[in-house]
Amino acid sequence: MKTSAEIRQSFLDFFKSKGHEIVPSSSLVPGNDPTLLFTNAGMVQFKDVFLGSEKRSYTRAVSSQRCVRAGGKHNDLDQVGYTARHHTFFEMLGNFSFGDYFKRDAITYAWELLTGVWGLPKDRLLVTIYHTDDEAFDIWHREVGLPADRIIRIGDNKGAPYASDNFWQMADTGPCGPCTEIFYDHGAHIPGGPPGSPDEDGDRFIEIWNNVFMQFDRAADGTLTPLPAPCVDTGMGLERVSAVLQHVHSNYEIDLFQHLIRAAGALTNTSDLENKSLRVIADHIRACSFLVVDGVLPSNEGRGYVLRRIIRRALRHGYILGVRGAFFHKMVAALIAVMGDAYPELVAKRELVERALATEEERFGETLGKGMKLFEEVAAKSTATIPGADAFRLYDTYGFPVDLTADIARERGLTVDMDGYDRAMRKQQEDARGASQFETKAMLSAEAIQQLPATAFLGYDSLVADDLKLVGIVRGSRLVDELGDGEEAGLIFDRTPFYAESGGQVGDTGVLRANGGTFTVRDTIKLAGAFHSHVGRWNGPTLRVGATMQGAVDAARRQATVLNHSATHLLHAALRKVLGEHVTQKGSLVAPDRLRFDFSHFQPMTADELRTIEDMVNAEVRRNAAADVRNMAYKDAIDFGAMALFGEKYGEHVRVLKFGEFSTELCGGTHVSRTGDIGLFKILSEGGVAAGIRRIEATTGAGALAFVRDEEQRLGEVAGLLSASGGEVTDKLRQLFDKYKKLERELESYKAKAAGAATAELAGTADDVGGVKLVAARIDGLDAKGLREGVDQIKAKLADCIVLLASGAEGKIALVAGVQGAAQGKVKAGDLVGYIARQIGGKGGGRPDMAQGGGEDTPEFPRILAGVRGWVEQQLH
């Protein structure tokens with residue numbers, strides 16, 4: 001029996017023997033692809049290759065790609081724990097052809113590996129094809145020799161064109177095409193029918209491999225355009241094929257999962273290894289760990305929110321098993337034992353992963369028990385549906401994602417009123433469920449891409465260029481031939497000095513001129529990863545494709561941006577040296593006026609740490625190291641010590657920027673020639689932007705000098721107000737604060753004496769209501785503390801009494817009530833405060849013997865206060 005690790009390696013070795021390049025798994029965060037929440041298939045990293053906008057040195061590739069399907073279009077989270085084969089995280093084995101081989105080789109390779117190398121019985125395999133794909137049928141039947149009755153044609157779903165399971169697409173837009181799926185028959189003793197039959201959802205026939213024949217590019221409007229060179233994209237779940245080769249039925253019975261399930265059982269003191277909750281925990285630790293490895297941390301939006309949902313679902317299943325403390329982060333060690341060899345980055349970032357999971361455990365653990373208690377109360381009152389308002393309360397108060405509430409409800413045979421939940425969410429003006437925020441800013445169709453040459457960037461060496469050939473005018477996702485006076489568009493040239501927004505650096509602005517007209521560039525963006533689109537407005541005679549233009553970048557703006565970009569690299573290096581290797585970039589903005597740098601760290605930075613960082617960066621600036629720029633293969637760059645940045649997509653060849661021995665990163669941006677050009681680096685602020693993510697804002701050069709001058713001016717103004725020199729300001733302020741505190745204490749003393757005198761008088765004028773003394777009065781000038789002291793003083797003088805004191809200030813009324821003695825059985829202080837507060841648009845409450853509240857100070861308040869006697873009489877009688 002092969003282990004999962006051996007099966008993974010066997011797959012890679014087989015296709016390597018067929019001339020395929022072994023390509024490492026890419027990040028779970030798709031690089032520069034806003035159409036996807038997570039990498040959900042092996043072909044994601046090759047998307048631009050399929051479109052033709054990126055070229056690789058190979059035309060055949062094989063990979064084992066880590067994937068997550070827990071959000072967006074592909075979401076299996078709700079099924080984990082209920083089926084034998086659904087996962088949030090899985091590994092997809094895949095072989096790819098980029099305009100090289102097509103259907104015949106893809107099908108025969110698959111058959112050779114499954115039946116020849118792995119020895120699967122041929123009579124246990126059957127396939128599906130797209131219903132009109134006669135070519136695939138002939139290959140399977142005539143060349144492979146598969147009987148016709150084991151080749152199933154799958155048509156369109158409900159008559160919708162290209163909506164079939166056998167017409168695959170990665171997202172709503174992009175490469176797509178017909179496919180052939182290979183199924184394994186687990187035997188007649190297991191319920192279920194073949195694909196396409198009424199009982200196809202049973203577990204007898206299981207899809208193990210999908211071969212997709214990429215022939216089209218789907219545009220946003222649904223239009224299908226033939227790809228320039230047909231390609232092959234295949235996907236086979238490692239977990240599924242391992243179950244087949246290890247002669248077990250469920251994915252959770254394979255060696256990899258059994259190790260994790262045993263670890264989860266030990267941590268939760270659960271001996272029943274068939275327990276569904278152990279399966280959920282074993283599945284979720286993989287998704288959570290690898291998401292953290294790839295730069296995602298728990299938060300309330302987007303990818304971070306999906307991670308939070310998965311973690312909290314795992315913690316709830318630990319709660320089911322009786323765990324009341326932290327346990328989930330301890331699963332990382334078991335995961336490393338079975339996947340660390342294949343994914344060394346998991347080993348390298350173990351501390352970060354464990355800390356991120358432990359922090360989330362602590363955060364949710366504080367409210368999990370209370371939330372479960374509330375759920376049980378709500379469920380007990382619900383016959384079929386959990387009210388949406390209650391589901392929202394579980395989220396808003398106890399951090400229960402609504403799908404977690406729905407998951408628990410399903411176990412009780414209940415559903416959740418999602419419409420009511422959505423209404424409650426909108427009322428709070430929140431949308432923390434991470435709804436799709438990943439849409440394209442601009443796109444080009446595959447047909448348009450094939451018409452254009454990739455843009456050559458000249459801006460490393462020059463900010464001005466002549467004879468720029470206009471090769472495309474983009475309006476929306478279409479190419480047009482001309483542009484009229486006053487019209488806006490994106491212009492694409494064969495080459496340009498304008499930097500296109502990428503890696504956090506903003507796009508260049510400037511002007512382009514031709515034939516007496518001017519195109520004002522307000523931004524430069526990248527389209528399809530290869531084309532610089534100069535966005536702006538044309539003023540002049542009709543501009544046509546093929547024209548030559550002269551371009552000039554706004555030099556001052558670019559220079560200011562360059563200083564901030566280079567400073568970002570120095571800042572990143574300094575943070576890792578001071579805070580630790582767990583610091584990784586989580587996003588950045590490099591603009592002319594400032595830089596913004598987001599990074600992973602679990603606590604606010606101290607003043608000393610910020611000072612050390614700032615000093616370290618400025619020391620590198622003064623060292624004036626030259627920028628060492630090299631172009632090399634990606635693997636060589638990593639071996640050279642270059643750091644790859646979060647969320648960036650890198651090709652086979654990369655640009656490496658090195659500043660002395662201090663900083664080495666992959667970066668295609670523009671930079672200073674020497675660090676001394678930065679002049680001065682000044683941190684403006686540091687704060688948190690999400691759980692485990694901090695943000696530093698800073699400025700350089702002239703911006704830093706302007707900031708220092710502003711600070712000097714403000715210090716001078718303060719010194720003038722204090723009649724002190726700059727060096728004396730601190731001592732003068734300290735003296736003022738000491739004096740202020742002394743006066744404040746004296747004022748409090750006078751207030752207390754005044755309140756005592758006033759309340760002494762009130763005690764002597766108390767009304768008698770049924771044998772109980774009643775005091776209801778307004779004493780302005782007292783805060784809540786003074787009112788409480790006043791109530792206590794009156795209660796000390798009157799044995800059986802009801803007291804309500806009010807004080808007004810700035811249009812508001814503060815209320816404090818007290819009850820003691822014979823009245824306590826019939827009158828509650830909280831009820832009295834609530835009675836008054838409701839009449840003045842406020843609220844209040846507290847203990848039966850002491851309560852406080854407040855509301856608006858209205859002209860009706862004297863009448864309302866006078867009505868206290870009548871209310872008390874009703875309560876007493």
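Side-chain contact between Leu512 and Phe498 is present, with heavy atoms from C-beta onward closer than 4.5 Å. Two residues are said to be in side-chain contact when any heavy atoms from C-beta on lie closer than 4.5 Å; Leu571 and Leu595 meet this criterion. Within the 4.5 Å cutoff, side-chain heavy atoms of Arg557 are placed close to those of Val506. When side chains are defined from C-beta on, Arg303 does not count as touching Leu291, because their heavy atoms never get closer than 4.5 Å. Residues His532 and Phe493 fail the side-chain proximity criterion, which asks for heavy atoms closer than 4.5 Å. Using a 4.5 Å heavy-atom cutoff, the side chains of Thr455 and Phe457 are not in contact. The shortest distance between side-chain heavy atoms of Ile696 and Leu610 falls below 4.5 Å. Residues Asp508 and Thr496 fail the side-chain proximity criterion, which asks for heavy atoms closer than 4.5 Å.
Listed for the Thr675 side chain is a donor-acceptor partner under 3.5 Å among the backbone atoms of Glu620. Without hydrogens or angle criteria, Asn618 side chain to Phe681 main chain gives a donor-acceptor distance under 3.5 Å. Between the side chain of Asn515 and the backbone N or O of Gly517 there is no donor-acceptor pair closer than 3.5 Å. Remark: the backbone N or O of Asn539 is not paired with any side-chain donor or acceptor of Thr518 at under 3.5 angstrom. Remark: side-chain polar atoms of Ser25 are not paired, donor with acceptor, to backbone N or O of Gln65 under 3.5 angstrom. Within the 3.5 Å criterion, the main-chain N or O of Gln45 finds no donor-acceptor partner in the side chain of Ser26. Proximity of a side-chain donor or acceptor of Asp598 to a complementary backbone N or O of Ser588 within less than 3.5 Å is not detected. For Thr670 (side chain) and Val562 (main-chain N/O), no donor-acceptor pair under 3.5 Å exists by modelled atom type. No side-chain donor-acceptor contact under 3.5 Å links Lys635 to the backbone of Ala637. With hydrogens and angles disregarded, no donor-acceptor distance shorter than 3.5 Å links the side chain of Arg513 to the backbone of Gln550.
The heavy-atom pair separating Thr548 from Asp467 by the smallest distance is CB-CA, 4.3 Å. Across Met92 and Cys67, no two heavy atoms sit closer than the pair CB-SG, 3.9 Å. Here the closest non-hydrogen pair linking Thr39 and Ser27 is OG1-O, 2.7 Å. Contact detail for Gly459 and Leu463: the closest heavy-atom pair is O-CD2, 4.4 Å. Counting all heavy atoms, side chain and backbone alike, Val474 lies closest to Leu479 at CG2-CD2, 3.7 Å. Among all heavy-atom pairs drawn from Ala61 and Phe46, the shortest one is CB-CZ, 4.0 Å.
Remark: Glu581 engages Arg576 in a salt bridge, criterion side-chain N to carboxylate O under 4.0 Å. Look at Lys469 and Asp494 and you find no salt bridge, because none of the NZ, NE, NH1 or NH2 atoms lies under 4.0 Å from a carboxylate O. Between Arg714 and Asp710 there is no salt bridge, since no side-chain nitrogen of the basic residue lies less than 4.0 Å from a carboxylate oxygen of the acidic one. A salt bridge is absent between Lys682 and Glu711; no separation between the charged side-chain nitrogens and carboxylate oxygens falls under 4.0 Å.
In the model, Thr700 has a side-chain atom that pairs as donor or acceptor with a side-chain atom of Asn564 under 3.5 Å. With no hydrogens or angles considered, a side-chain donor-acceptor pair links Asn95 and Thr234 at under 3.5 Å.
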Begin with the C-alpha distance, continue with both residues' side-chain angles, and end with the deciding distance and a verdict on side-chain contact (heavy atoms from CB on, under 4.5 Å) for Lys526 and Glu501. CA-CA 7 Å; Lys526 271 191 180 179; Glu501 178 184 349; over 6 Å; no
If you apply the rule side-chain contact (heavy atoms from CB on, under 4.5 Å), what do you find for Val44 with Leu36, and how did you get there? CA-CA 9 Å; Val44 171; Leu36 282 176; 3.8 Å; yes
List the steps, then state whether side-chain contact (heavy atoms from CB on, under 4.5 Å) holds for Leu666 with Tyr634. CA-CA 9 Å; Leu666 304 183; Tyr634 178 83; 3.6 Å; yes
What's the verdict on side-chain contact (heavy atoms from CB on, under 4.5 Å) for Ile473 and Asp481, showing C-alpha distance, side-chain angles and the deciding distance? CA-CA 7 Å; Ile473 301 175; Asp481 295 327; over 6 Å; no
Please lay out, stage by stage, how Glu488 and Arg537 fare under the test salt bridge (Lys or Arg N to Asp or Glu O under 4.0 Å). CA-CA 4 Å; Glu488 295 194 349; Arg537 181 188 296 270; 3.0 Å; yes
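Between the OG atom in Ser97 and the OH atom in Tyr58 there is a gap of 12.5 Å [rounded to 0.5 Å]. A distance of 13.5 Å separates CZ of Arg623 from CZ of Phe659, quoted to the nearest 0.5 Å. With rounding to the nearest 0.5 Å, the separation of CG in Asp485 from CD in Glu487 is 8.5 Å. Leu527 contributes atom CG, which lies 4.5 Å from atom OG of Ser533 (distance to the nearest 0.5 angstrom). Considering CG of Leu570 and CD1 of Ile613, their distance stands at 11.5 Å, rounded to 0.5 Å. Interatomic distance, NZ of Lys658 versus OG of Ser663, reported as 9.5 Å (0.5 Å rounding).
Between His671 and His569, the ring planes lie perpendicular to each other; the angle is over 60°, past the 30° to 60° tilted range.
Seen from the ring of Phe96, Arg56 does not count as a face-on cation partner, given the 6.0 Å and 45° thresholds.
For CD of Glu661, the number of neighbouring non-hydrogen atoms (other residues, nucleotides, ligands) closer than 6.0 Å is 12 at most.
Ring-centre distance between His572 and Phe599: not below the 6.0 Å cut-off.
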